[in-house]
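Notes follow once the structure below has been shown.
Atom set for the values below is all heavy atoms of this structure, side chains included, hydrogens, waters and symmetry mates excluded. Computed from a predicted structure; not experimentally measured. Each residue takes its place number in the sequence, starting with 1.
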Amino acid sequence: ITNLNDPFEFDLFVDVKSCAESNAKIGGGLSVVNQMKLEHIIKENLADLKNIFLDGKRLVGVTCFSEVFDSILMWSHYGNNHSGICIEYDLLGMNEELGYSPVPVLYKNAFPALTRFDLQNPERSVEEVYMKSMLIKSRDWSYEKEWRVLQDYGACDDAWDKERKGALMNMITPSAV
């Protein structure tokens, strides 16, 4: 997932002060000087955290669906200048064919942020916000009423097309065109 319309979607936001405070609580509290040192250490690790996050983004594919078919904005964003077709899928049928269901996108005023940081295991620190970031968008996009199917690169096997940066996975039978 490297090219989405919302520039803030699927991004890593870090609340450095909250991360430092969570570590201070674990350690039984810190002096102001040690709190500042800890914030500095977290800031130094931000590049590594962002790289962990970016690596994860490169390994996930997303297929998006909407409950809305007649939005002028959506045809502008996704319909190649209002041309093309709209395909309808049955949610229950998708579940039966794929073995799992699309999940709804949540629309919020704030993006998920990293508020805890484990100095010993930075990957674990990113995991929770990483998962949330795939399914949370700004309220500004709520008109889309979006659902997503997420697929990791590893599950694509030989179906992955590097040139087209995607894969055709488990053809889903539409219920209407």
Side-chain angles (χ1 to χ4, degrees), residues 1-14 46-115 122-177:
I1 301 175
T2 56
N3 188 13
L4 300 169
N5 285 349
D6 183 345
F8 302 109
E9 184 177 3
F10 209 119
D11 204 357
L12 177 62
F13 298 93
V14 180
L46 279 179
D48 291 338
L49 290 174
K50 289 204 179 254
N51 285 334
I52 292 167
F53 204 80
L54 284 172
D55 287 345
K57 279 175 70 169
R58 289 185 193 106
L59 298 176
V60 174
V62 62
T63 304
C64 303
F65 302 91
S66 175
E67 297 174 26
V68 182
F69 69 91
D70 57 356
S71 165
I72 291 173
L73 275 176
M74 287 181 49
W75 278 99
S76 297
H77 287 280
Y78 310 112
N80 194 22
N81 294 322
H82 303 267
S83 63
I85 61 172
C86 182
I87 301 173
E88 180 178 307
Y89 292 96
D90 174 46
L91 191 62
L92 183 57
M94 287 177 75
N95 187 340
E96 290 171 0
E97 286 189 50
L98 295 174
Y100 51 88
S101 294
V103 289
V105 169
L106 304 173
Y107 300 97
K108 302 202 178 234
N109 289 328
F111 293 99
L114 185 66
T115 57
E123 289 86 1
R124 193 174 93 207
S125 301
V126 173
E127 220 168 72
E128 183 180 336
V129 72
Y130 174 79
M131 296 304 292
K132 288 180 180 178
S133 73
M134 289 190 276
L135 298 172
I136 293 177
K137 292 175 76 169
S138 167
R139 282 201 196 279
D140 295 333
W141 296 90
S142 64
Y143 66 90
E144 291 184 338
K145 297 182 181 177
E146 183 178 347
W147 290 67
R148 290 183 171 175
V149 171
L150 302 162
Q151 188 82 37
D152 74 335
Y153 174 80
C156 296
D157 294 324
D158 295 334
W160 186 258
D161 185 333
K162 286 183 182 179
E163 185 178 313
R164 292 190 178 141
K165 297 179 184 169
L168 180 59
M169 299 295 298
N170 304 326
M171 184 64 170
I172 307 163
T173 308
S175 53
V177 178

Sequence neighbours excluded, the answer for ring pair (Phe, Tyr, Trp, His ring centres under 6.0 Å) partners of F65 is Y89
Quick one: side-chain contact (heavy atoms from CB on, under 4.5 Å) partners of S76, sequence neighbours excluded?
I72, H82
Can you tell me how far the NZ atom of K137 sits from the OH atom of Y107, to the nearest 0.5 Å?
5.0 Å
Could you walk me through whether W147 and M94 pass the side-chain contact (heavy atoms from CB on, under 4.5 Å) check?
CA-CA 12 Å; W147 290 67; M94 287 177 75; over 6 Å; no
Rounded at 0.5 Å granularity, tell me how far CE in M74 sits from NZ in K145.
10.5 Å
For W75 and C86: C-alpha separation, side-chain torsions, deciding distance, then whether side-chain contact (heavy atoms from CB on, under 4.5 Å) applies.
CA-CA 10 Å; W75 278 99; C86 182; 4.1 Å; yes
With rounding to the nearest 0.5 angstrom, report the CG to CD distance, L91 to E67.
9.0 Å
Just verifying a value: how many Å separate E144 CD and C64 SG, rounded to the nearest 0.5 Å?
8.0 Å
Distance-only, no hydrogens or angles: does the S101 side chain make a donor-acceptor pair with backbone N or O of N95 under 3.5 Å?
no
May I ask you to test the S138-F111 pair for a side-chain heavy-atom distance under 4.5 Å?
yes
Check the surroundings of atom CZ in F69: do more than 12 heavy atoms from other residues, nucleotides or ligands lie under 6.0 Å from it?
no
Quick one: pull up CG in D90 and CD in E96 and give me the separation to the nearest 0.5 Å.
7.5 Å
